[in-house]
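For reference, the structure is listed below as structure tokens.
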Amino acid sequence: MPRGGASLAGCGLSEQASAGMFTVARVTALPGQAGDRSRRARRPLAMNAHPVQGLPLLPGSAFSDPTKSAFHRSQTLGYRNGFACSRLPTMGIGRERLYVNQLSQAELDELSNKRPTLTYGQAKQAPPSDFIPAHVAFDKKVLKFDAYFQEDVPISTEEHFRIRQVGIYYYLEDDSMSVMEPIVENSGIPQGKLIKRQRMPKNDRGDHYHWKDLNRGMNITIYGKTFRIVDCDPFTQVFLESQGIELNPPEKMIFDPYTELRKMPMRMYVTPSSFDQLKQFLTFDKQVLRFYAIWDDTENMFGENRPFIIHYYLADNTVEVRELHERNDGRDPFPVLIRRQRLPKSFVDKMKTFPRCVLEISNQEVLEWYTVKDFAVGKPITLLGRSFFIYDCDEFTRQFYYEKFGITDFQPVDVKKKPPEEVPQIIPPYNGYGFLEDSLQNCFSLLPQPPRKNFIKMLENDHKVLRYQVALESPNPEERKRRFILSYFLSTDMISIYEPPVRNSGIIGGKYLGKTKVPKPGSTTDNPVFYEPADLTIGATVEVFGHRFIITDADEYVLNYMESNAESFPATTLQSLRDHFAPRRTAVQAAESQSAAGMGRQELEELVKQVQEQLKHHNYLSNSSMREAFLHHDKDGSGFLDKAEFFALCNRFNLPVSDALVNKLISLCSHGENQISYHDFIRAFSC
């Protein structure tokens, strides 16, 4: 909002686009005038705001007015022509009417004494213009003046004063000003905002600068600094002229003499030279030739061929040698063998007595330096006493030599060592001590490691043993009578043989062979073949370290295991075991059936006696009609009836026997699931 009566903050202005001039749309308070009538019109009358006299406002004397229900304050903010503005409330607390915008008694007296002017007809009133607040009318409208000020430089011998150019900005919306200095790169002076935006004091009486006080060709003093205004921008010129201010002619901006002196080119003293090193640096900067070389140091003790990379920098004709490291080469990770420098090719004659250990080599001691022409693929080169053989280069180096010298022969040289011939390892023959795999590890290492085991196979086949009965094959009849137990361990494919002790045989029984792998006859130590469960069939001969055994019998677990894993064994092995166990299984089944039949017949006889005792107890006489009924329903004469028909006939005769005995008798007479033999049933009821 405007500050002071000399501003245009109370005016509403609109810019005329066609002429570029400012016209007053509606004046609520002219610049520099007080506007007493408008302020009096907005002031409410105090004489009409007194409340009616009533009870004193004391405790016990006051009471609430039931007619008042709203005690909020009225809204004082609103919008007018799309702009936010404030308004005086018309209703007070408790919805009491406020008398506002009423004239005072002095104004009423003035109006009553004023005579109206005689006019013809009714006076025409001008239409009111739109109201525009000042902060909207002058928003983003700034007056800009170009100025400078002189600053003393007392401690410099090259300059005594400095001219600093600034811009003075005047903001119309709140009559504030700011001083800004353009930032010059590398000036060494704090620049930018010299005086922040504020109302600038004009004198000691408390007055502030107004836009009417600013003009071209004048000096203004702000906080002790005197600024000379030389010009303004076109917007400022149009605005001031529209307000009736006569502008002074513009002046020429004064520049800093020291800054202008620095802009002048300095005098250069160049010594003529036959070779332009600067041109070489600018032309070949960051261009490097790369050669791949090898240093053959095999003549010395513990010497070897070591790969290196030679870099030739075209910008200054320097050479660098870097070492290539491989994994686990056992060398310290120093990448640079020769740092980047100019390398001498030949020296003068007096270099033989030159103290190199204390003095560096200069141009006086060097007769010739290494250049690009001295490097070529397939040729050796000596750098600081080391002989390097260049065997290849990169693509950029090939292109450079082709464009510079026309050389196209860059055939790389193969410097890789041929791998030594593999000496076949001769494994000595097996001496018979220990396992074959375990003894073989002594031929591979000084510290032999145990052979790897198949832990998955060991876990799956743990405690699974196939047992066979074997007989020793021998020309001695006493030896042929001996019987052994051959155990095959599926987890480790090992075989053990045990001889059960026999009393009065004259032979001490016990362990005959410990757990070991038994090779087949004809297998060698280079390619051993061991016995497997598929080789152990009934009647087969197993040769164990010169002793021959014939398999005569096996556990029933062997047959069950092979039948459950039939896909892992040949059909001949499985069939030989089945044929061997077939008579034994037939005899067992026959014995079981006979024992079951004998037990069933004995139980049936006991049950028949119990039924006949109950019939005698009830004086039941045998009924021949039961037999005739069963025979009548037995159409084919097989002696069996269906369960449904049998139960229907039993219910018809109403037998005086407990249901438990009848059900037990029927279960013993059942044949299959749906057939019942009625002959044994009728015999039980024949007294």
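Everything numeric in this text was worked out from a predicted model, so none of it was measured.
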Can you confirm whether Tyr79 is buried at OH, in the sense that more than 12 heavy atoms of other residues, nucleotides or ligands lie under 6.0 Å from that atom?
no

Side chain to side chain contact (heavy atoms under 4.5 Å, CB included) assessment of Val319 paired with Ile338:
CA-CA 8 Å; Val319 181; Ile338 301 176; over 6 Å; no

On a heavy-atom basis, the closest approach of Tyr209 and Pro201 is CE1-O, 3.4 Å

Output yes when a side-chain donor or acceptor of Asn215 lies under 3.5 Å from a complementary backbone atom of Asn248, and no otherwise.
yes

Between the main-chain N or O of Pro519 and the side-chain N or O of Glu543, is there a donor-acceptor pair closer than 3.5 Å?
no

Angle between ring planes, Tyr292 versus Tyr391, binned at 30° and 60°: parallel, tilted or perpendicular?
tilted

NZ/NE/NH1/NH2 to OD/OE distance under 4.0 Å, Arg228 and Glu251:
yes

Can you check whether Leu314 reaches Val372 side chain to side chain, under 4.5 Å on heavy atoms?
yes

Does Asp146 reach the side chain of Ile229, with side-chain heavy atoms less than 4.5 Å apart?
no

Should we say atom CG of Asn300 is surrounded by more than 12 heavy atoms from elsewhere, each under 6.0 Å from it?
yes

Heavy-atom donor-acceptor pair, Asp152 side chain to Pro154 backbone, under 3.5 Å
no

Quick check on Phe281: does its CZ atom have over 12 non-hydrogen neighbours (other residues, nucleotides or ligands) under 6.0 Å away?
no

Whether Tyr561 and Phe569 hold their rings parallel, tilted or perpendicular, with breakpoints at 30° and 60°
perpendicular

Within the side chain of Asp462, is there an N or O that forms a donor-acceptor pair under 3.5 Å with the backbone of Lys464?
no

Under a 4.0 Å threshold between the charged nitrogen and the carboxylate oxygen, would Asp535 count as salt-bridged to Lys520?
yes

Would you give the length of the straight line joining atom CZ of Arg290 to atom OG1 of Thr397, rounded to the nearest 0.5 angstrom?
8.0 Å

Check: Gln441/Glu437 side-chain N/O donor and acceptor closer than 3.5 Å:
no

Would you call Lys225-Glu181 a salt bridge at under 4.0 Å N-O?
no

Please tell me if the side chains of Gln237 and Arg216 come closer than 4.5 Å, counting only heavy atoms from C-beta onward.
yes

If you measure from CZ on Phe410 to CD on Gln399, what distance do you get to the nearest 0.5 Å?
9.5 Å

Does any N or O in the side chain of Ser242 come within less than 3.5 Å of the main-chain N or O of Phe239, such that one atom is a donor and the other an acceptor?
yes

Using every non-hydrogen atom in the two residues, find where Leu466 and Pro533 come nearest and quote the distance to one decimal.
CD1-CB, 3.9 Å

With side-chain hydrogen bond (donor to acceptor under 3.5 Å, both in side chains) as the test, would you mind laying out the steps for Thr236 and Asp233 before giving the verdict?
CA-CA 5 Å; Thr236 305; Asp233 60 351; 2.3 Å; yes

Atom CD1 of Ile381 and atom CZ of Phe389: how far apart are they, to the nearest 0.5 Å?
12.5 Å

For residues 316-333, which residue pairs qualify under side-chain hydrogen bond (donor to acceptor under 3.5 Å, both in side chains), counting only residues two or more places apart or in two chains?
Gln280-Asn317, Glu304-Arg331, Arg306-Glu323, His311-Glu320, Tyr312-Asn317, Tyr313-Glu320, Asp316-Thr318, Asp316-Arg340, Thr318-Arg340, Glu320-Arg322, His325-Asp329

Audit row: Trp211, Leu240, side chain to side chain contact (heavy atoms under 4.5 Å, CB included) steps and yes/no:
CA-CA 8 Å; Trp211 52 270; Leu240 294 178; 3.7 Å; yes

Got a sec: does the OH of Tyr402 have more than 12 other heavy atoms crowding it under 6.0 Å?
no

Indicate yes or no for a side-chain donor-acceptor contact from Gln191 to the backbone of Val184 under 3.5 Å, with no hydrogens or angles considered.
yes

Is the closest basic N to carboxylate O distance between Arg398 and Asp392 below 4.0 Å?
yes

Could you tell me whether a side-chain N or O of Lys379 sits under 3.5 Å from a main-chain N or O of Phe375, the two making a donor and an acceptor?
no

Within a radius of less than 6.0 Å around CD of Glu567, do more than 12 heavy atoms belonging to other residues, nucleotides or ligands occur?
yes

Minimum-distance pair of heavy atoms, taken over all atoms of Cys443 and Gln425
O-NE2, 3.0 Å

Separation between CD1 of Ile456 and CG of Asn461, rounded to the nearest 0.5 Å:
11.5 Å

So Trp295 and Phe388, would you call those rings parallel, tilted or perpendicular, with 30° and 60° as cut-offs?
tilted

Contact check, side chains of Val136 and Asp139, non-hydrogen atoms, under 4.5 Å
no

Only one of Leu172, Leu214, Ile168 passes side chain to side chain contact (heavy atoms under 4.5 Å, CB included) with Leu143, and that residue is Leu172

Is there side-chain contact between Tyr148 and Phe227, with heavy atoms separated by less than 4.5 Å?
no

Checking side chain to side chain contact (heavy atoms under 4.5 Å, CB included) for the pair Glu368/Ser346: CA distance, chi angles, key distance, verdict?
CA-CA 5 Å; Glu368 185 180 1; Ser346 60; 3.4 Å; yes

Residues Glu460, Lys457: salt bridge by 4.0 Å N-O rule:
no

Carboxylate-amine/guanidinium contact Lys517 Asp493, below 4.0 Å:
no

Hey, does the Lys NZ or Arg CZ of Arg197 hover above the aromatic six-ring of Tyr171, less than 6.0 Å from the centre and inside 45° of the axis?
yes

So which heavy atom on Met218 is nearest to which on Asp213, and how close?
CE-O, 3.2 Å

Any non-hydrogen side-chain atom of Lys453 less than 4.5 Å from a side-chain atom of Met458?
yes

Would a distance-only check, ignoring hydrogens and angles, find a side-chain to backbone donor-acceptor pair under 3.5 Å from Ser156 to Val153?
no

Taking side chain as C-beta onward, heavy atoms only, is Arg162 less than 4.5 Å from Tyr258?
no

Check whether the side chains of Ser568 and Asn565 place a donor and an acceptor atom closer than 3.5 Å, and report yes or no.
no

When rounded to the nearest 0.5 angstrom, what distance separates NE2 in His463 from CG in Leu490?
12.5 Å

Determine, stepwise, if the pair Trp369 / Asn363 fulfils side chain to side chain contact (heavy atoms under 4.5 Å, CB included).
CA-CA 9 Å; Trp369 301 90; Asn363 294 332; 3.3 Å; yes

Heavy-atom closest pair (Asp285 atom, Ala315 atom, distance to 0.1 Å) is CA-CB, 4.2 Å

What orientation do Phe284 and Phe400 show, parallel under 30°, tilted 30 to 60°, or perpendicular over 60°?
perpendicular

How long is the span from the CD1 atom in Ile163 to the CD atom in Glu260, to the nearest 0.5 Å?
11.5 Å

With a 4.5 Å heavy-atom cut-off, do Tyr170 and His210 have their side chains touching?
yes

Closest non-hydrogen atoms of Met200 and Tyr223, given as atom of the first, atom of the second and distance, are SD-CE1, 4.1 Å

